[in-house]
Amino acid sequence: MARQKRALVTGGVGFIGSHLCERLLNEGYRVVCMDNLRTGDLRNVAHLRDCAGFEYVEHDVTTYIDVPGGLDEIYHFASPASPADFERIPIPILKVGALGTYNTLGLAKAKGARFMLASTSEVYGDPLVHPQPEGYWGNVNPIGVRGVYDEAKRYAEAITMAYHRHHGVDTRIARIFNTYGPRMRPDDGRMIPNFISQALAGEPLTVYGDGSQTRSVQYVDDLVEGVFRLMRSEERRPVNVGNPVEYTVSEVAGVILDLSGSASELIYEPLPEDDPKQRCPDITRARESLGWEPRISAREGLKLTLEWFTRRTEEVAAER
Ligand code: UDP
């Protein structure tokens with residue numbers, strides 16, 4: 001029988017991290033799930049706590065990381081990622097992108113582990129090229145409010161490549177585009193959790209700007225499949241992992257109103273600083289290198305997400 005692999009997932013209690021831990025356990029891995037609980041929610045892994053092979057460690061990866069025993073793979077997914085967090089906790093975001101990536105790369109080097117950085121479409125900033133291929137260098141305002149996240153992730157990519165070139169660490173870089181699904185925090189501040197929470201509460205949906213800016217939204221299961229394939233591939237260049245079907249923000253609001261049957265109206269609020277006008281991945285590389293493309297449509301994924309938010313709202317009400 002093949003030896004059981006052991007993986008570390010930083011940010012393992014977060015929205016994406018918890019789905020990744022679950023997938024790795026299902027694939028037969030032993031999983032060390034690490035989180036400092038700044039934005040993660042332990043309820044996201046409550047169903048995994050009793051699984052053989054699942055280990056939870058509360059630790060802040062911006063400080064030295066000690067994981068006893070061997071590690072085959074490290075998935076560095078720790079980071080707040082909501083634009084609402086960029087103003088609320090800018091320095092922890094810079095630290096986890098810089099120091100957290102430095103520490104996890106050091107751990108990968110010490111353990112001889114394969115390393116994956118969760119990077120982001122934000123490395124493209126407010127893009128002047130559309131859709132965005134990996135070869136595009138981006139249009140980022142380093143001193144704007146979004147700069148703390150964008151530049152931390154750009155630094156994280158740079159140090160990942162330096163550890164690859166200089167130390168021979170076997171690295172992967174996933175550039176993750178807007179992802180949604182069960183386990184997003186209802187108060188996370190991003191478009192989909194806001195619209196769903198507002199629709200369920202019968203409150204107006206807050207559209208920023210005139211709602212004509214675009215995003216391409218990917219369901220979390222598609223993302224996890226892409227990430228899983230990338231770790232197994234020999235592709236060391238950054239790979240966009242996103243759904244290339246593009247919607248305006250107003251269209252996303254419309255689909256959520258339709259699926260929820262909510263009578264909420266749309267209200268228009270000021271557009272946040274440096275809010276990208278358009279975003280859509282060119283996924284040619286993921287198709288060619290990973291044989292991957294998203295399978296779940298926005299309507300299907302949003303329906304599953306609405307169902308989960310409805311259940312979570314009921315659970316929270318019952319706990320009170
Ligand atoms: N947005 C919105 N209403 C909200 C939250 C977000 O109109 O309540 C807009 C936001 O201005 C952006 C898009 O939705 O244009 C996606 O925002 P999100 O916070 O999900 O992440 P981003 O893609 O900007 O990182």
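Every number for a ligand or one of its atoms is a count from 1 in the order of the listing.
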Under 4.0 Å from ligand 1, counting heavy atoms only: the protein residues, by chain and number: Pro83, Glu122, Arg146, Asn178, Gly189, Arg190, Met191, Asn194, Phe195, Thr206, Val207, Tyr208, Gln213, Arg215, Val249, Pro272, Asp275, Arg279
- request: Check the side chains of Asn240 and Tyr136 for a donor-acceptor pair under 3.5 angstrom, ignoring hydrogens and angles.
  value: no
statement: Interatomic distance, CD1@Ile196 vs CH2@Trp308, rounded to 0.5 Å, equals 9.5 Å
message: Within 45 degrees of the ring normal and closer than 6.0 Å to the centroid, is that where the cationic atom of Arg232 sits relative to Phe228?
response: yes
field: Residue pair Leu107 / Phe115, side-chain heavy-atom distance below 4.5 Å
entry: no
Side chain to side chain contact (heavy atoms under 4.5 Å, CB included) evaluation trace for Leu266 with Leu257: CA-CA 10 Å; Leu266 306 186; Leu257 284 181; 4.0 Å; yes
message: Does either side chain, that of Thr206 or that of Glu269, offer a donor lying less than 3.5 Å from an acceptor on the other one?
response: no
